[in-house]
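Heavy atoms only: backbone and side chains are in, while hydrogens, waters and symmetry mates are out. Along the sequence shown, residues are numbered consecutively beginning with 1. Counting convention: from 1, in listed order, for ligands and their atoms alike.
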Amino acid sequence: MKWVDKHHEFDAKAEEIIERYCSRFPCYIFGAGAAGKELLAVLKYYQCFAAFIDNSKEKQDSGFESEKVISLNEYKESRQKGIIIVAASEKNTPVIMQQLEEADLHEEADFFCMDDFLNKILPIISVYYYDKAFIHIAQITLTERCSLKCKKCAHACYAVDSTAQDLSLEEVKRSANIFFSKIDFIKEFVLIGGEPLLYRDLTKVIQYIGEKYRQNMSVYCIATNGTIVPSDDVLKVCSQYQVLFRISNYSAQLPRLKESHQKLIARLQEWHIPYILGEEDWQWRDYGFEYVDHGIEEDILINTFDQCGTICREIRGNKFYYCVMARSVAENLKFDAGQQDYLDMLTLQGDNYKKELLEFTMGYSDKGYLDMCRHCHGSKAFDYPIPVAEQL
Ligand code: SF4
Ligand code: SF4
């Protein structure tokens, strides 16, 4: 979307959302599990958490994360006002949403799924109601080097030499400092690559960001391909700051990784570090960066961008990128495109900077699209499923 009324794009919508939802706060989290725990920290930050709802009798009896867990019946019978946010796995979310509809509760009136709430509702409420800047997910790419060479890597890391320069430690610190000088709270702050466990100064990065900003995030996370077991130094700081390891599971394509996963998980358990090993049975989608060309017609590019809705923001120094894939593919495949497609965090000043940041995060910019959208299937990438992690 093109900016038409910068700093005021959400004024009307914010009024409607605040009237409709904030008057019904607090929020209940349906799902006393891993996703619910991630959301709990967010809602506690805004002091709008009431209780968990869960179908498990055991959890209702024992509570979860020292919080009360009630049944859906109890919620309904109490006639308390509230908004329910469904925080569950991809598989269970539609089942719970169906249960809520059957209980005469309605999506966007009485409940939301967690992603919709964190992407579309809370960022607006956060700025307009709480005067805080909130982002769902942002990443720092520590290195583009990787221990695998996936031929359809969405960051085109296969084109990066093993001797390539990583982001310097100073630049990583600067990125985090600039980011957190403008963002009050983030649901998930991710260290990514390439393979971030290849980054030489990883211990220092985790320590620095953890010490200064751990209280500004719900989830502090490393996204790894599961090929590397970190050193004790890395494990120690990950344990200290409860860094979540999100392990991508490529073992269907690369069976040897099962053994690496076992070794890695054994070490994480030893250090009491949280982890999530992805499903083995999944598919990638092909964004088509190497062969798509939509041409230069503005309407087509804006439409491709607007339909896309990727949530993968990236901070790199003072540059805040809407799409980490667009930035990394353009650099790694040496496209002459997108060098200006970022928001300069250092220019965010004055009373309205949170609104500008909100608008950029929600997809507004001067052009209304990114140069790399010309070379991308965007949301249509779902129509191009490909096997996971095929190697070159
Ligand atoms: S493991 Fe991840 S970062 Fe590495 S090449 Fe494969 S997709 Fe890219
Ligand atoms: S359509 Fe544009 S914003 Fe979406 S993934 Fe592709 S390059 Fe990124």
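Counting protein heavy atoms only, atom 4 (Fe) of ligand 2 is closest to C308 SG, 2.3 Å. Summary of contacts: the protein heavy atom closest to atom 2 (Fe) of ligand 2 is C373 SG, 2.5 Å. In this structure, atom 8 (Fe) of ligand 2 lies nearest to the protein heavy atom C323 SG, 2.4 Å. The protein heavy-atom contact nearest to atom 6 (Fe) of ligand 2 is C376 SG, 2.3 Å.
In this structure, R285 fails the cation-pi test against Y384, since its NZ or CZ atom is not both closer than 6.0 Å to the six-membered ring centre and inside 45 degrees of the ring normal. The side-chain tip of K149 does not point at the ring of Y158 from less than 6.0 angstrom away and within 45° of straight on.
Only the side chain of Y250 comes within 4.0 Å of ligand 1, judged by heavy-atom distances. Of the heavy atoms in H377, none comes closer than 4.0 Å to ligand 2.
Judged by distance alone, the side chain of K76 and the main-chain N or O of A103 form a donor-acceptor pair under 3.5 Å. Listed for the D166 side chain is no donor-acceptor partner under 3.5 Å among the backbone atoms of Y199.
For F305 and Y322, the ring centers are positioned less than 6.0 Å apart.
At a cut-off of 2.8 Å, C150 coordinates atom 6 (Fe) of ligand 1 through an N, O or S atom. In summary, an N, O or S atom of C153 is located under 2.8 Å from atom 8 (Fe) of ligand 1.
Salt bridge annotation for E9-K2: absent, with no cationic side-chain nitrogen under 4.0 angstrom from a carboxylate oxygen.
Under a 4.0 Å criterion applied to the non-hydrogen atoms of M325, ligand 2 contributes the atoms 5 (S). Numbered from 1 in the order shown, with element, the atoms of ligand 1 that lie under 4.0 Å from a heavy atom of N225 read 1 (S). Ligand-side atoms of ligand 1 in range of C146: 1 (S), 3 (S), 4 (Fe), 5 (S), range being under 4.0 angstrom from any heavy atom. Near G378, meaning under 4.0 Å from any of its heavy atoms, are these atoms of ligand 2: 1 (S). Heavy-atom contacts of W284 reach the following atoms of ligand 1: 7 (S) (cutoff under 4.0 Å).
Of the residues N303, I296, T304, the one that meets the side chain to side chain contact (heavy atoms under 4.5 Å, CB included) test with I300 is T304.
The shell of residues lying under 4.0 angstrom from ligand 1, judged by heavy atoms, includes G194.
The 12-atom threshold is not exceeded at NZ of K204, counting heavy atoms of other residues, nucleotides or ligands nearer than 6.0 Å.
Ring geometry for F52 versus F64: interplanar angle over 60°, hence perpendicular rather than tilted (30 to 60°).
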